[in-house]
Number of protein chains: 2
Amino acid sequence: MAIKKTDVATGQASMKQVADAAGVAVSTVSRALANPGRVNEKTRKRILEAAQTLGYTPNAAARSLRKGRTGAIMIVLPGQLFHGASQVIPLVLAGIDRFLAAHGYNILIANLDRDESSEAHIVNLASNGSVDGAIIISSGIPQTSQKSLTQTGLPIISALHDLSHHGIPSVITNESEVMGKMTELLAQQGHRQFFYVAGPQGMYHERVRLDGIRQGIAQADLPAGSLRKSQGLRPYQEGFQIGVDAADMFLDFAQRPTAVMCCSDDAALSFIAKLTTSGLRVPEDVCVVGFDGSAVGAFVNPSLTTIAQPAEAIGSKVAELLTRQLDGEHVPMVTQLDSAIVRRQSA
Amino acid sequence: MAIKKTDVATGQASMKQVADAAGVAVSTVSRALANPGRVNEKTRKRILEAAQTLGYTPNAAARSLRKGRTGAIMIVLPGQLFHGASQVIPLVLAGIDRFLAAHGYNILIANLDRDESSEAHIVNLASNGSVDGAIIISSGIPQTSQKSLTQTGLPIISALHDLSHHGIPSVITNESEVMGKMTELLAQQGHRQFFYVAGPQGMYHERVRLDGIRQGIAQADLPAGSLRKSQGLRPYQEGFQIGVDAADMFLDFAQRPTAVMCCSDDAALSFIAKLTTSGLRVPEDVCVVGFDGSAVGAFVNPSLTTIAQPAEAIGSKVAELLTRQLDGEHVPMVTQLDSAIVRRQSA
DNA sequence: TTGTAAGCGTTATCAT
DNA sequence: ATGATAACGCTTACAA
């Protein structure tokens, strides 16, 4: 007995097979699926049935080869997804995911910093048609010796970092302003000496937040020397260690500041832990403020005063802008959302 | 002046353009790139140069249409990436990412529970050739009315949940055993009444962990009635609220247990916070144990005794098994890694 | 060693 | 309303 083609049909059914089963041409099947109106009701029904019984699913590769679009968005992450207790990146991701899922896009995760070749890999993904657009949650722009991500022509939006000077529309928060407000608030409470537990030196967030603190200090008519800061030798990922190191420095001061502001909740929590171990009381002896608004801050002792970033909103905003850009719309270069002071026990 | 084809060359250069530039046929270009040995050294050089100057990148859609593989792996997540301070899922993801990146795979994130259509979407991704394999970090298997993810024929590995009875090779931990050990340890410290702060009723982790606790209680020659538990009405994502609710229940007991074991560190932290607010001291009055091994547990007051899951190792193991399966190897149905007790101040 | 050509599964254009 | 057919960009026999 001869083996018929249909016998060999292994995995997925193709459009051709549906067409054969329904007794029509492939083009008719394609139309029936895409433009239901432009095909006879009866044949359409027949085709749909055939597709159903064959378990037909349109092949993604063929479709994107033909249409030039994939329906996938690449998310460029700065490194570890994991950030201690500070859930900013995961929350931004959640916001992105919610929006993009609702709009039929898939999410491709691309991680910077994993090794030397990862930047090349990201630029490659952008160039080879794997994705329709990119969201970048990182201060650095991936690049090879050949070209950078921005030169691929791929639509890109930045989350959390202002990359508008690179021509990338960015969704950021008013972190500088809020840091200033926080500083003024502490000054009003009588604090005169401040300590900033710094994140990695020179990074975007560090510049704008320090700016904010300095403005707040000026606003409160205090001398610039009222502010001291830790060294900023570690990346945000090592938040707990940042706090521990800074506490060591803090404890060595002859004249200790009474108000401490930290670059992250992780840093604040470990800073407090170290101070407590050394016999200092928070907030009685020292006030400590975190940054990020981690949920866990409400359940520690003392509970953590912090600055909450609208992380999930940033995510969905960024996703919204990207889809609008993909639809040919013009999007603003800078979109600013509001961070907010959350007052609890630690300050 | 007539417009030559090369003038119109818009975005990406194609293999055809490289071939033209190098004065060879496309097949030669393809070979030069794939089987460098099977082409003349001089032409190969010429082709590489042409590719270089044109900024050529092989089109992903065309390649996967032709080869039937995409190089992408789908990760099916149970819902929110965000889990309070318990970073198990992000860490598993980090492990997966590290391994897959090193092996040239891309990661496609698919989120369950986002709405009714998401399961269909996942099954669809599995059927339409978008991905070569899937890793599922969820107790539920996505399915449509038509078919389930397991019926797509796509290679799948499960992380954290034992789905071997569904024919899915699974990487899990010895959580049952460790819970038993923890219980015995507490009994040795003199505790006679236990309380389990439960996660969502009936879920895999709940069953195996409760089993472990009961075994431990039996092992310590204590009556089964020594164990009480909270109701388990909320998903793991609401860990903090789980702890708060359970604390309310706990505080109402006439005879309060002295040893409390929680389904997550989030639950433990909020449980402790609530008890502390009510004037109870941990560990003097009540011992509390968490689960997950969150980094933040070392920096809270009291620091948290917990059970650390080898989350990142689980991730890379799962990824390794999947790639081996993709390479046609046979993989074990169950792989067990060790969780470990981390003793700190709270118990 | 290189070129020709078929084909992967779609979609879109053009006839019919 | 439907069918033939030509792309989309690549890989891989097979032929030269």
Side-chain angles (χ1 to χ4, degrees), chain A residues 5-6 8-48 50-51 54-71 124-125 127-130 132, chain B residues 5-6 8-48 50-51 54-71 124-125 127-130 132:
Chain A
K5 281 228 174 140
T6 48
V8 218
T10 155
Q12 271 303 302
S14 74
M15 202 173 242
K16 175 87 175 67
Q17 292 175 40
V18 175
D20 287 352
V24 295
V26 282
S27 49
T28 308
V29 176
S30 179
R31 247 174 321 211
L33 266 37
N35 311 32
R38 293 183 35 176
V39 66
N40 185 298
E41 183 55 29
K42 283 178 77 173
T43 38
R44 196 182 72 93
K45 216 165 181 175
R46 197 150 31 93
I47 289 169
L48 257 42
L54 287 175
Y56 171 72
T57 319
N59 179 284
R63 173 172 286 173
S64 62
L65 174 57
R66 179 61 226 232
K67 305 194 68 142
R69 287 181 294 103
T70 62
N124 196 40
L125 281 173
S127 310
N128 73 5
S130 289
D132 297 341
Chain B
K5 281 226 174 140
T6 49
V8 221
T10 153
Q12 271 305 300
S14 74
M15 200 172 245
K16 175 89 176 66
Q17 293 175 39
V18 176
D20 288 352
V24 295
V26 283
S27 51
T28 309
V29 176
S30 178
R31 248 173 320 211
L33 267 35
N35 310 31
R38 293 182 35 175
V39 65
N40 184 297
E41 184 54 30
K42 283 178 77 172
T43 39
R44 197 182 72 91
K45 217 165 181 177
R46 197 148 34 91
I47 289 170
L48 258 40
L54 286 175
Y56 171 70
T57 321
N59 179 284
R63 173 172 286 173
S64 62
L65 174 58
R66 179 62 226 238
K67 305 194 70 141
R69 288 181 293 102
T70 62
N124 196 40
L125 282 173
S127 309
N128 74 6
S130 289
D132 296 343

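Note that this is a predicted model, so its numbers are computed, not measured.
The line from OG of Ser14(A) to CG of Asp20(A) is 8.0 Å long, rounded to the nearest 0.5 Å. Atom OG1 of Thr57(A) and atom CD of Gln12(A) lie 4.5 Å apart (nearest 0.5 Å). Residue Arg44(B) holds its CZ atom at 14.5 Å from CZ of Arg38(B), rounded to the nearest 0.5 Å.
Between the side chains of Thr70(B) and Asp132(B), at least one donor N or O lies within less than 3.5 Å of an accepting N or O.
Here dT2(D) presents its P atom at 12 Å from CZ of Arg44(A), a figure rounded to the nearest Å. Atoms CG (Asp20(A)) and C1' (dG3(D)) sit 13 Å apart, rounded to a whole Å. Separating the CD atom of Glu41(B) from the P atom of dT2(C) is a distance of 10 Å, rounded to the nearest angstrom. Atom CD1 of Ile47(B) and atom C1' of dG3(C) are 12 Å apart (whole Å). Atom CD in Gln17(A) sits roughly 8 Å away from atom P in dG9(C) (whole-Å rounding). Between Leu33(A) atom CG and dG9(C) atom C1' there is a gap of 13 Å when expressed in whole angstrom units.
Shown here for Val39(A) and Ala32(A), the closest heavy-atom pair between the two residues is CG1-CA, 3.8 Å. Heavy atoms only, all atoms of each residue included: Asn40(B) and Thr43(B) are closest at O-OG1, 2.8 Å.
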Go along nucleotides 7-16 of chain D 5' to 3' and tag each nucleotide: B for a protein heavy atom under 4.0 Å from its base, S when only backbone or sugar atoms are that close, - otherwise. BBBBBB----
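Residue Thr43(B) is in sugar-phosphate contact alone, with no base atom involved, counting any heavy-atom pair closer than 4.0 Å across all strands shown.
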